[in-house]
Amino acid sequence: MLVILLILLLSAARTHAHAYTAAELSAVGVEHNLVPVLVIGSGPAGLAAAFYTARAKLPTFVVHGHEPGGQLMGSSWVENMPGVEPAKGYKIIEDMQRQAVNQGAQFLDGSVELIERSTSGNYFMVHIDSGLKINALTVIVATGATARILNIPGESVYMNNGVFTCAVCDCAQAQDKEVIVVGGGDSAIEHIMHLAPYAKRITLMVRKDHLRAAPVMQDRLKAYNSVRVLYNTAPVAIEGDGTTLQGVRVRNTQTGQESFMSADCVFLAIGHIPHSGIFANLLPMDAEGYIHLPTRAQKTIVPGIFVAGDVADRIYRQAAVAMGDGSKAGLDAIAYLHEYGFNEQLSAELAPYYLNF
Ligand code: NDP
């Protein structure tokens, strides 16, 4: 494989910390579809990373993924983005995408279905479900996570219009409202802490006869007079008039008896699913699939792979944090390539081999 020749040179550059020379390059042939920076995922983390790497004049491609733009695309008003006036989620994504494109980033439709590390370990063969195969010198994983939903009737009808999955993002929707929070873990308690200053009353709906949240978190509930905990209760349908949510049909998990409980808003705090499955053979992750980052940088234990955003963040899960992670991942990828001898001259000489549309 001709790419291997290039990669051997990359290895040499690493060892000897020198830049490539034209003479070296003349001995190098490379396959097509070479990409110095491949960003997987087009949410806030991926777009911030692409903005940074493209601005550093590194040819950068972004794979959109199954959910182009990520979770913000489905968000209602985003009111917690420092420096940004309240805006619709899709508008923030549009602006970020435009910024990245203006710097030269290019976008690919489809999702990555397989990523393999070359035998030398110096580049990555990335297969996209469109059939495209890419040889990437660096990969920034920004595939995000999805909030778990209940998959019950009515849920999709009122999603982001009465049913929400992020209290920090949508707490203002609870102003003077009757609110149900579904879940029994730490996230559910955190939802209550964010919603309590706004809501008229909150019912924490727990399907078991106990909370899973840590005792210290459960203790915090005692500070809220407006909160009650309803055990052994699970939602079976979200109900309303087709436009406005009016309540939840619930089932007592011990007796099986169903009843209707009125509410204005329902917040789901039943966990998240990180999109990390395709990296399982490459990167260490915890039992729930969050990718492990060994340091405060965005680099992983695999040289050349960087991770940003919710796919590695079980705690914050905020767009603003993902953007910060993405910016760091971009900077880490830039430093990595520069350290390994990638420079403007090399880039110009490799241009014929770059992925081209
Ligand atoms: P968890 O998986 O810990 O809890 C999810 C909760 O949702 C459980 O009580 C579960 O019930 C309930 N649930 C799941 N599916 C349904 C359903 N279909 N209907 C009703 N209830 C359902 O998720 P979290 O997001 O709360 O936390 C994830 C991880 O992040 C945890 O490790 C947590 O400790 C951590 N975290 C830490 C925080 C902190 O330290 N400040 C803050 C937030 C999260 P059941 O118990 O019956 O399975």
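The residues of the chain are indexed from 1 along the displayed sequence. The structure presented is a predicted model; accordingly, all values stated were derived computationally and were not measured. Only heavy atoms go into these numbers, but all of them, side chains included; no hydrogens, no water, no symmetry mates. One-based numbering, in listed order, for ligands and for the atoms of each.
- A donor-acceptor contact closer than 3.5 angstrom links the side chains of D310 and Q71.
- A chain of hydrophobic side-chain contacts below 4.5 Å, direct or via other Ile, Leu, Val, Met, Phe, Trp or Tyr residues, connects V163 to M261.
- Looking at E288 and R314, a side-chain N of the basic residue comes within less than 4.0 Å of a carboxylate O on the acidic one, giving a salt bridge.
- For H275 and E67, the side-chain atoms include no donor-acceptor pair closer than 3.5 Å.
- In summary, the atoms of ligand 1 found under 4.0 Å from a heavy atom of L150, numbered by their order in the structure, are 17 (C), 18 (N), 19 (N).
- Side-chain contact, R228 with T203: a donor N or O sits under 3.5 Å from an acceptor N or O.
- Nearest non-hydrogen protein atom to atom 11 (O) of ligand 1 is R207 NE, 3.3 Å.
- By heavy-atom distance, the residue among M193, R212, R317, H272 lying nearest atom 2 (O) of ligand 1 is R212.
- Here the two rings, on H210 and Y231, have centers that are 6.0 Å apart or farther.
- Note: an N/O pair closer than 3.5 Å links G184 and ligand 1 by distance alone.
- Under a 4.0 Å criterion applied to the non-hydrogen atoms of E190, ligand 1 contributes the atoms 41 (N), 42 (C), 43 (C).
- Look at I315 and you'll find every heavy atom at least 4.0 Å from all atoms of ligand 1.
- Distance from atom 32 (O) of ligand 1 to its nearest protein heavy atom, with residue and atom name: R314 NH1, 2.9 Å.
- Of all non-hydrogen atoms in A167 and F267, the two that sit nearest each other are CA-CE2, 3.8 Å.
- For ligand 1, the atoms lying closer than 4.0 Å to a non-hydrogen atom of K208 are 45 (P), 46 (O), 47 (O), 48 (O).
- Of all the listed residues (G185, S187, G183), S187 holds the heavy atom that lies closest to atom 24 (P) of ligand 1.
- Of the charged side-chain nitrogens involved, at least one lies within less than 4.0 Å of a carboxylate oxygen, so that K91 and D95 count as a salt-bridged pair.
- Among all non-hydrogen protein atoms, the one lying nearest atom 22 (C) of ligand 1 is I270 CG2, 3.4 Å.
- Taking every heavy atom of G271 and a limit of under 4.0 angstrom, the matching atoms of ligand 1 come to 23 (O), 25 (O).
- Here the heavy atom of the protein found nearest to atom 34 (O) of ligand 1 is D186 OD2, 2.6 Å.
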